[in-house]
Amino acid sequence: MKFLAFFGTAFFALIGKAMANPACAVCTVAVGASLEVARRYGVDDSVVGVWAGAMLALLGYWLILWFQKKNWNFWGRDFLLMTISVGSIGFMYVSQMPYNPQIIGIFYMDALLFSTILGALTFIYVSKFYQWMKFKNGGHAHFPFEKVVLPVGALILLSIYFNYYPLGSSAPTEAELLGAEGLYEFSGDK
């Protein structure tokens, strides 16, 4: 049933009126479909999170364009819509995944959540960088498909890094830091 709903939604999204988008619908559907396939094949969650963050950032861009089309303008609209879009990764934790926070640098969060945020920020930054490069080049790309190559290349490099250096693999979990008894004391359950 999920399979039918997914392709039905993708079909109706493709037959709609086309407008200038920061990414094509085919790329968004391909990334979205490949995320679950990658997780089932055992790809590390930090690598999957990078691409999930990029996909959610794409959906945020599409949401911004839809609000512009409807002429719904208000202060902080773009930031709010992008935050809602990328923040929707939390729905995975509600239904499918346990939240296992770890120490990652100076942060204490789940590896999938951290890599999702990092993937979204990477995609947004590289997209803005492409616009700046295009502006400096007189409004033209330096080479064909530069708009696609730059973000995909940056995400591939980040994925390769996380493949060889997974997030939180050497960081102790909260249970290891506090021990089983300390965990109960920490959460308030005695």
Should the pair Phe107 and Phe114 be assigned to parallel (<30°), tilted (30 to 60°) or perpendicular (>60°) ring geometry? tilted

Do Pro101 and Asp110 touch side chain to side chain, with heavy atoms closer than 4.5 Å? no

Would you say that Trp72 contacts Arg77 through its side chain, given a criterion of any heavy-atom pair below 4.5 Å between the two side chains? no

Using side-chain heavy atoms (C-beta onward) and a distance below 4.5 Å, is Trp66 in contact with Leu63? yes

Which pairs, with at least one residue in residues 126-148 and sequence neighbours excluded, count as a ring-ring contact (aromatic ring centres under 6.0 Å, His included)? Phe129-Trp132

I'd like to know if Leu80 and Leu58 are part of one continuous hydrophobic network [Ile/Leu/Val/Met/Phe/Trp/Tyr, side-chain heavy atoms within less than 4.5 Å]. yes

Would you name the heavy atoms of Gly105 and Ile103 that are closest together and state the gap between them? O-CG2, 3.7 Å

Ala57: partners by side-chain contact (heavy atoms from CB on, under 4.5 Å), with sequence neighbours left out: Met82, Ala120, Phe123, Ile124

Minimum heavy-atom separation for Val126 to Ala154, with atom names? CG2-CB, 3.6 Å

Test item: Leu81 and Tyr61 side chains (from C-beta on) under 4.5 Å apart, heavy atoms: no

Count I, L, V, M, F, W, Y as connected when their side-chain heavy atoms are under 4.5 Å apart, and connections chain through other members. Are Val148 and Val50 then in the same cluster? yes

When clusters are formed by joining ILVMFWY residues with side-chain heavy atoms under 4.5 Å apart, either directly or through shared neighbours, do Met133 and Val152 land in the same one? no

Interatomic spacing from OH in Tyr165 to CD1 in Ile160 - rounded to 0.5 Å: 12.0 Å

For the residue pair Lys134 and Lys147, establish whether any side-chain heavy-atom pair is separated by less than 4.5 Å. no

Supply the atom-to-atom distance Met55 CE to Ser88 OG, rounded to the nearest 0.5 angstrom. 7.5 Å

So, for Asn137 and Ala141, which heavy atoms are closest and what is the spacing to 0.1 Å? ND2-O, 3.6 Å

Indicate if Ile84 and Ile64 have the same hydrophobic cluster label, given that clusters are the connected sets of ILVMFWY residues with side-chain heavy-atom separations under 4.5 angstrom. yes

Please indicate whether Tyr41 has more than 12 foreign heavy atoms, meaning atoms of other residues, nucleotides or ligands, lying under 6.0 Å from its OH. no

With rounding to the nearest 0.5 angstrom, report the CG to CD distance, Leu113 to Gln102. 11.5 Å

Any Leu158 side-chain heavy atom under 4.5 Å of Leu118 side chain: yes

Is Ser85 reaching over with its side chain to a backbone N or O of Leu56, donor-acceptor style, under 3.5 angstrom? yes

Roughly how far apart are Leu112 CG and Ile117 CD1, rounded to 0.5 Å? 10.0 Å

Any link between Leu121 and Leu155 through a network of hydrophobic side chains (Ile, Leu, Val, Met, Phe, Trp, Tyr) touching at under 4.5 Å? yes

When rounded to the nearest 0.5 angstrom, what distance separates OH in Tyr161 from OG in Ser46? 10.0 Å

